[in-house]
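Working notes, structure below.
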Amino acid sequence: EKHGIDFYYIDRPYWGETRNPPFYVKIVKNNHLKNWQENRPDDRFKKSFPWPIHPWKKDGKNIIVCPPSNAMKEFFNAHKWLETTLETLKKYTDRPIIVKNKGYNPIIGYDKHGGFRVEGKDNTKPSGPIDWDNAFAIVTYNSNITLEATTRGIPCFTNEHNACAPISETDFSKIETPKYVDREPLYHSMAYGQFTAEEIKSGYAWRILDES
């Protein structure tokens, strides 16, 4: 970014099998994830999307807050995200707020070159599963939990560094008025941001990424 050089970021996919065939990974050109929506056909979505899309759920009582991992807090300098987010939410809603900790969340440090390295284990006890039946909204930074939540019909509040930002509200002061928009076009777009090992080998993935 500093020198204006194109780069490709590769990581676990938005959905799909990554450790076994067909070995899906997400690939993003010049970004950490695909947080914008392209106009794409539904072919790749229909081929691989694993979950039903439920109608928006407009009841529920709990606000589920999923803080960024230690690595993401360090990468995006979001160390005070949880503190400021809870302060905002408590100012604009009286609903119960439940903070969900990540199950695997190693402590991050730096090597001599300035790169990340794992320096220890975070001993914070992981939270239990989300009570989806009683969830009113998910509030998170860049967690992929927003994808599962939106397919379940639970609206989301996110920061800009989230793949579901286009269908989520980014102003946390609007916690009582979530967005209930058409979700499927975003999923179509996301399907064109993840690829199989064979699509990478054949060059198909790079052609798609370079045209967008």
Side-chain angles (χ1 to χ4, degrees), residues 1-2 7 9-12 14 26 28 30-37 60-132 134-150 152 154-181 186 190 193:
E1 287 182 324
K2 179 179 179 180
F7 65 92
Y9 177 79
I10 303 175
D11 204 340
R12 297 285 298 278
Y14 304 111
K26 71 181 176 190
V28 191
N30 296 331
N31 211 333
H32 165 246
L33 50 69
K34 191 175 183 181
N35 60 349
W36 66 94
Q37 181 175 321
K61 62 178 182 178
N62 299 328
I63 296 170
I64 312 299
V65 178
C66 301
S69 67
N70 290 326
M72 290 299 100
K73 283 193 290 186
E74 196 68 35
F75 187 79
F76 288 110
N77 191 24
H79 298 281
K80 294 185 178 180
W81 183 89
L82 180 58
E83 176 185 340
T84 57
T85 294
L86 291 177
E87 184 179 315
T88 299
L89 294 177
K90 290 175 182 178
K91 183 178 179 181
Y92 291 98
T93 185
D94 294 323
R95 294 178 185 273
I97 298 173
I98 300 172
V99 177
K100 288 291 183 182
N101 297 314
K102 201 171 176 65
Y104 175 69
N105 192 16
I107 297 170
I108 299 299
Y110 292 88
D111 63 24
K112 64 181 181 180
H113 303 293
F116 281 3
R117 68 179 180 189
V118 174
E119 292 197 336
K121 181 180 179 181
D122 188 330
N123 292 318
T124 302
K125 186 177 179 180
S127 305
I130 291 175
D131 180 3
W132 294 107
N134 290 309
F136 171 74
I138 294 287
V139 181
T140 189
Y141 191 77
N142 73 325
S143 173
N144 204 43
I145 192 67
T146 53
L147 179 59
E148 181 179 359
T150 54
R152 288 175 176 268
I154 308 299
C156 293
F157 291 76
T158 76
N159 288 79
E160 61 179 311
H161 303 295
N162 194 295
C164 286
I167 58 173
S168 302
E169 178 58 69
T170 57
D171 183 349
F172 293 0
S173 71
K174 296 180 180 179
I175 187 63
E176 288 294 336
T177 55
K179 282 186 176 180
Y180 299 106
V181 298
L186 178 67
M190 292 170 73

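Just the heavy atoms: all of them, side chains too, but no hydrogens, waters or symmetry mates, feed the values below. Numbering starts at 1 and runs along the sequence shown.
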Using every non-hydrogen atom in the two residues, find where C164 and T150 come nearest and quote the distance to one decimal. SG-OG1, 4.2 Å
Return the CZ to CG distance between F7 and N30, rounded to the nearest 0.5 Å. 5.0 Å
Where E74 and H79 come nearest, the two heavy atoms and their spacing: OE1-CE1, 3.1 Å
Grab the two heavy atoms, one from I154 and one from A137, that are nearest each other, plus how far apart they are. CG2-CA, 3.8 Å
Has D171 got more than 12 heavy atoms of other residues, nucleotides or ligands less than 6.0 Å from its CG? yes
To check you understand the geometry: which heavy-atom pair defines the closest contact between Y14 and G193, and what is its length? CE1-O, 4.0 Å
Between CD1 on residue I145 and CZ on residue R152, distance to nearest 0.5 Å: 8.0 Å
Look up atom CZ in F116 and atom CG in N70, then write down how far apart they are to the nearest 0.5 Å. 10.5 Å
What distance separates M190 CE from Q37 CD, expressed to the nearest 0.5 Å? 10.5 Å
Salt bridge (charged side-chain N to carboxylate O under 4.0 Å, His left out): which pairs involve residues 110-120, sequence neighbours left out? R117-E119
With distance as the sole test, does K100 use its side chain to make a donor-acceptor pair with the main-chain N or O of G128 at under 3.5 Å? yes
With V65 as partner, the option from L89, I138, T140 fulfilling side-chain contact (heavy atoms from CB on, under 4.5 Å) is L89
Just wondering, more than 12 heavy atoms not from F75 lying within 6.0 Å of its CZ? no
Reported CG-to-NE2 distance for the pair L33 and H161, which is rounded to 0.5 angstrom: 8.5 Å
Reported NZ-to-CG distance for the pair K34 and N162, which is rounded to 0.5 angstrom: 14.5 Å
With distance as the sole criterion, is a donor-acceptor pair present between the side chains of N159 and W81 under 3.5 Å? yes
